[in-house]
Every structure is written in C-alpha cells, then in structure tokens.
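Read through the structure below, which is laid out as structure tokens, and then see the notes.
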There are 2 protein chains.
Amino acid sequence: MTAVLVIEDDDRIRLALLLALEEEGYAARGAATAEEGLRLQRSEPADYVLVDLMLPGLNGFECIRQLRRDDDVPIVVVSARDDTHDIVAALEAGADDYVVKPVAIKELSARLRALRRRARALTAPVPVQVIGDLEISPDAGEVRRAGQPVPLTRTEFRLLCELAEHAGRVLSRQQLLQRVWGYDTGDERLVDVHVGRLRQKIEAEPGNPRHLVTLRGLGYKLQR
Amino acid sequence: MTAVLVIEDDDRIRLALLLALEEEGYAARGAATAEEGLRLQRSEPADYVLVDLMLPGLNGFECIRQLRRDDDVPIVVVSARDDTHDIVAALEAGADDYVVKPVAIKELSARLRALRRRARALTAPVPVQVIGDLEISPDAGEVRRAGQPVPLTRTEFRLLCELAEHAGRVLSRQQLLQRVWGYDTGDERLVDVHVGRLRQKIEAEPGNPRHLVTLRGLGYKLQR
DNA sequence: GGTTGTATGACAGTCCTGTGACAAATCCAC
DNA sequence: GTGGATTTGTCACAGGACTGTCATACAACC
C-alpha cells in the first residue's frame, strides 16, 4: 500500500492532510518536526514525503536536503508561502514539487500520481509488492508464489493488482467492477467468479483462503 | 544544450517565454498551435515541452495525450487557469507539472531542473545487454547468441533493443508500435508477426519461447 | 428454519495469438 | 536504371485461451 509521510508542525493542518490522504487510499503518517520526520523516514520509509517549510528547529529546506541525502523518495513541499524565492530554493534543495496551502486534496493526489508515473517509467528495478508468500510485479506482469511464477489471466492479474494496491483494505464488488472492469454497473457475481478462480491459483487452500478473504456484505480484501 | 518547446497561441506570451528561457540558457522554440507543436516535437524532439491549455483547434489536454503517446518528454502546463479540475485533468492526461500564469521564469526554470534531476536516473544507455545467452549491443548494431552473430533485420533489431531496454517489463503492442515504428495507431498484428520472426532467430524453441514471452492480454516481455 | 449472501462447475460465445501466404517497398550489386 | 533478393506490412484463418452467465450447492446470519 502506498505510504505518505507528512511533516508539518501545525496539528490541525497535519491531521486534515492525513485524513484526506487516507480518504484517497494512502497509508498516511505524520511528524510534527523535521527531526521526527527524518527519523521516521529512516526507520520506516514512505513512498512520498510531504513537507512544510516553516518548521520549528530544523527548517524545511534543511529537512529536504537531509532527506535527499539518504533517499530518492519524491518530496512535495506544501507551504503557505507563494514566493518565487522559496519555491526555487526548495526545488534546488531537492524537492520535486511545491504546492501552496490551502491545497485541494485532489490536486495533491494527482501530483503524487504524476510523480509516481515519472519515477516508475525511469527506475530500472521493477517494483515488487510482497503479500505473504506472494510477489506481485505489476510492471513485469508477473506474480510469484514462493518464488514460482503463477500463470494468471489478464483479468485475474488486474484484480490481484487492484487488491494489492489497497492491501488490508476492503474493496466492494462495485469498486472492483469499476476499477478492474471499468463497468459503471454490472453483475456483482462476476467478481465472485474471478475471485474464486484467483484463489485456486494463489491460495494454498482455496476453500479456506488466508490472503484473499471475503468480508461478508462488504467485499473482498487482500491481507498479508 | 537543453531544448525547450513552447506551445502557446498568444504571441506576446510565447515570445516572452522564449526570450526568458533563452536568457536562462535554454534553446527555446515555439509553436502557436497544438498541431504545429506535435509536428515539431516529432521532427526535432525537445527535452521539455511547455504547453498552454487553451489552444485553438486541438486543445491542450488532447495535445498532452498525443505528446505522451509518442514520447516520455517532461511536459509542464503553463495555464492562466488556477482550477483544481483543470490541474487534475492535465496531470491525469500525462503532464508532469502545472504552473499558473504569470509565472516567474526562475520558478519555471527550477521546476524544469527538478524534473530533469528526476528523469536522469534512467537515460543512461546501456552499452551491452546480456539476456540469457543473448548479447545485445545497441551501439554496435549487433546481436550474438552463444557468441555467434545473429543476422537480424533493422526492424527486428529495433524491436529487440526496445524490449531489452525494458527487460523484465511488459510492453504493450501499442507501446511497441509507438516506440519501434513511430506509429500513433496501427494494426497490432504487425507486432505479433515481427515478434514471431524474431523468435525464429533468437529462441532455441521458437514455439516455446524462454526469453521473448507473450503475456496474454498485456503484451510482450523480454526476460532473463 | 428461513433468508441472505457466497462459492463453484459447466458452457457457449468471444477474444487473443501465432502463422502462412502474399504483395508492396526497399535494398543492392551490376 | 535493371533485376533479383530481402525486408516489410497486411490479411485471413485456425486453434486455443479467456470471459461472463447461469444454475445449483453451500455457508453465514437472524
């Protein structure tokens, strides 16, 4: 699941950002100071970092520089100051983007996706997601179970990727129909059938699934 | 020298941007319409494209989509509209950044540098690729299998290089058509045919390929 | 026990891919 | 230029894989 770290000293703003990001499907965590943020990112790296510029103690620019020393993580500055000098300095320090508060969460989310798209097109290693004994590589079009390739059909593969991207979160049949099949409406049984086929291939005991579990009345969830 | 293409219909703004960019050390060229911009980018690719959204004829969003189809070039939208909906739509269409007019040239330049820093990672071309018992030398225009030169036609060679450059990743038929043939659109069977011919030459058992594999519904992939 | 929701096997239609044939385009030596 | 060889793109088709629907059986909840 895509993780975002928010470094922002104002409690209200930080919380609002965290909530909004969760709503968008990210796993968001916060830090109130640069020091805490750096520590967090080192111990448990997020996929993106959002950082405010005006922080107590170590300021935002320095925070960016230090982040950048260790890590290629995309950094987005979220600042109240709409000032060319600050923008240039932040980008020079190593930030990838700079947005001005207040920022629409949809815009922020779109900017994160744009960064990911750019980062993904370029990174040599193919990203792999690990769920239990499953390794899922969306870019390689490949799934391995205990190291062995599992032959999946396109639909099964897309379904699994969609579930993996939001691992640990329930996805309703409607959401899956929408995201995997692009159907605005349709027979929800269809999802059941494909989930069943997927289980045959990725679960040790398809009748008693450990990863791809049903949440009665809600939908399906992929858990570690 | 870094080249920038500016697609903007307003002559005054375009000229101002071009001048400012030259001042910043870029080789800048302009286009007044999306169509002209696309043509220019195809014939003489720039390293960055700046594009306005409100263009006569083909609009900015469509322009971005078409640029993105051919090319991984970083695209920055320079628009007068500061509207979340537009921003999200432009980024979704494939833009990398979105700035609102009037924009400080220093900021724009810093954003371009940030994009370049991010893009650098992968642009280093590999001299020789080894995939299984295949050695691919894009520069030398040569492919060896188990040390023996393999005679490939130009198209086969380009196809193989494209696949090798993204070894381990699925490339869709559309992507291959665009990158190898430069087609915006075309018959995807064409790819099949050439993949088939390529397999005859580089695979021990063309009917049961080990490297150049089909991912049904997704495309082709070259794996080690 | 009744009701609701979920799993699964069978099946027909559809979609996808590989391939051989062929004509147009290109190359190349003379 | 000419003629032949090579390469390229198009097409049609066959076989196989995949998908979605349905009916039925099963499980969970009240």
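Not counting sequence neighbours, the partners of B/H194 by the ring-ring contact (aromatic ring centres under 6.0 Å, His included) test are B/W181. Checked against side chain to side chain contact (heavy atoms under 4.5 Å, CB included), A/Q200 has the following partners two or more places apart in sequence or in another chain: A/P206. Listed by chain and number, the residues in a side-chain hydrogen bond (donor to acceptor under 3.5 Å, both in side chains) with B/D11 are B/R14 (sequence neighbours excluded). The side-chain hydrogen bond (donor to acceptor under 3.5 Å, both in side chains) search around B/D9 returns none, not counting sequence neighbours. In terms of the side-chain hydrogen bond (donor to acceptor under 3.5 Å, both in side chains) criterion, residue partners of A/E107 (sequence neighbours excluded) are, by chain and number, A/R111. With sequence neighbours excluded, the residues satisfying side chain to side chain contact (heavy atoms under 4.5 Å, CB included) with B/L50 are B/V4, B/V6, B/L21, B/V76, B/V78, B/L108, B/L112. Residues forming a side chain to side chain contact (heavy atoms under 4.5 Å, CB included) with A/R216 (at least two apart in sequence, or on another chain): none. Residues satisfying the salt bridge (Lys or Arg N to Asp or Glu O under 4.0 Å) criterion with B/K101, sequence neighbours excluded, are B/E8, B/D52.
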Any chance you could list the contact pattern along nucleotides 1-7 of chain C? Use B for base contacts, S for sugar-phosphate-only contacts and - for none, protein heavy atoms under 4.0 Å, 5' to 3'.
-> ---BSBS

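Contacts with DNA chain D (heavy atom under 4.0 Å) in residues 176-183 of chain A: A/W181, A/Y183, listed by number.
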Tell me, with the steps shown, if A/D192 and A/R173 meet salt bridge (charged side-chain N to carboxylate O under 4.0 Å, His left out).
-> CA-CA 8 Å; A/D192 298 15; A/R173 290 177 174 73; 2.7 Å; yes

Quick one: do A/L163 and A/K221 satisfy side-chain contact (heavy atoms from CB on, under 4.5 Å)? Show the steps, please.
-> CA-CA 7 Å; A/L163 286 162; A/K221 164 174 92 161; 5.9 Å; no

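When DNA chain D is scanned in the 5' to 3' direction for atoms under 4.0 Å from non-hydrogen atoms of chain B, the outermost contacting nucleotides are D/dT7 to D/dC18.
Across the protein-nucleic acid pair, A/L190 atom CG and C/dG9 atom C1' stand 16 Å apart, rounded to whole Å. Whole-Å rounding puts the B/D187 CG to C/dT19 P distance at 17 Å. When the P atom of C/dT8 is taken as reference, atom CD of A/E203 falls 11 Å away, rounded to whole Å. For the pair B/R154 CZ and C/dC27 C1', the computed distance is 10 Å after rounding to whole Å.
Each of B/H194 and A/V193 was matched to the nucleotide of DNA chain D holding its nearest heavy atom; the match closer to the 5' end belongs to B/H194.
The C1' atoms of five pairs define one axis at each end of the helix from C/dG1-D/dC30 to C/dC30-D/dG1, and these two axes lie 40° apart (to 10°).
In this structure, B/R117 contributes its side chain and A/A95 its backbone to a donor-acceptor pair below 3.5 Å.
To the nearest 0.5 angstrom, A/L5 atom CG is 13.5 Å from A/Y48 atom OH.
Two residues are said to be in side-chain contact when any heavy atoms from C-beta on lie closer than 4.5 Å; A/H211 and A/I202 fail this criterion.
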